[in-house]
Amino acid sequence: MAEIGVEHGRFSQHILSVTDPSEFHLVDLDFGALSPELRRDPRVSIRQGYSHEVLNSFADDSFDWIYIDADHSYEGVKRDANAAAAKVRPGGFLIFNDFAHVDPFLGRYGVHRAVVEFAIARKWPFVWLAYEPHGLYDVALQRPAGSIVH
């Protein structure tokens with residue numbers, strides 16, 4: 001699996017403890033604040049750079065799921081979703097953080113619009129919704145089996 005947008009790695013550590021992946025690729029522009037514990041974990045691969053460019057370096061159909069929590073602008077989410085789509089195997093998942101229009105603390109987001117447009121255009125169904133007290137939900141889309149991503 002991969003996590004796009006890591007910051008300190010607190011959620012990365014949670015993902016590791018709950019899912020126990022054999023490989024976990026962390027993608028971010030800056031890993032200066034990443035915990036030493038994550039750096040030492042043999043399952044973790046650190047990939048520094050722009051998320052859409054790093055995603056393009058992976059083989060198609062190589063991930064069971066990708067968690068996207070990087071640039072929350074409309075263009076940023078759209079770019080990351082399009083880059084990640086072919087990297088998830090058929091039946092796999094794209095999970096988006098902060099599926100909202102507005103963060104009560106940080107302002108306007110483009111996540112909701114970009115994810116809905118992606119789901120409709122590619123016919124990827126919404127399969128999970130994780131609630132959050134401030135309305136900053138996580139949502140998961142599933143790549144349809146047999147789908148071809150261009």
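Everything numeric here is computed off the predicted structure, so don't read it as measured data.
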Query raised in the report: Is the shortest side-chain N to carboxylate O distance from Arg43 to Asp20 below 4.0 Å?
Result: yes

Report task. Please check if any side-chain donor atom of Asp98 sits under 3.5 Å from a side-chain acceptor atom of His72, or the reverse. Result -> yes

Query - Between Ser35 and Arg10: side-chain donor-acceptor atoms closer than 3.5 Å - result: no

Query raised in the report: In chain order, what residues pass the ring-ring contact (aromatic ring centres under 6.0 Å, His included) check against Phe11, with sequence neighbours excluded?
Result: His14, Tyr67

Query - Joint hydrophobic cluster, Ile4 plus Leu38, side-chain heavy atoms closer than 4.5 Å - result: no

Report task. Report the residues that fulfil ring-ring contact (aromatic ring centres under 6.0 Å, His included) with Phe118, sequence neighbours left out, ordered by chain and then residue number. Result -> Trp124

Requested in this report: Answer yes or no: is there an ion pair linking Asp71 with Arg79, defined by an N-O contact shorter than 4.0 Å?
Outcome: yes

Requested in this report: For Tyr50, enumerate each residue passing the ring-ring contact (aromatic ring centres under 6.0 Å, His included) test, keeping only those at least two apart in sequence or located in another chain.
Outcome: none

Requested in this report: With sequence neighbours left out, write down each residue that passes side chain to side chain donor-acceptor pair (under 3.5 Å) with Ser62, or none if nothing qualifies.
Outcome: none

Query raised in the report: So, are Arg143 and Asp64 salt-bridged, with charged N and O less than 4.0 Å apart?
Result: no

Query raised in the report: Excluding sequence neighbours, so at least two apart, what forms side chain to side chain donor-acceptor pair (under 3.5 Å) with Asn56?
Result: none

**Report entry** Partner residues of His25 under the ring-ring contact (aromatic ring centres under 6.0 Å, His included) criterion, sequence neighbours left out
**Finding:** Phe58, Phe63

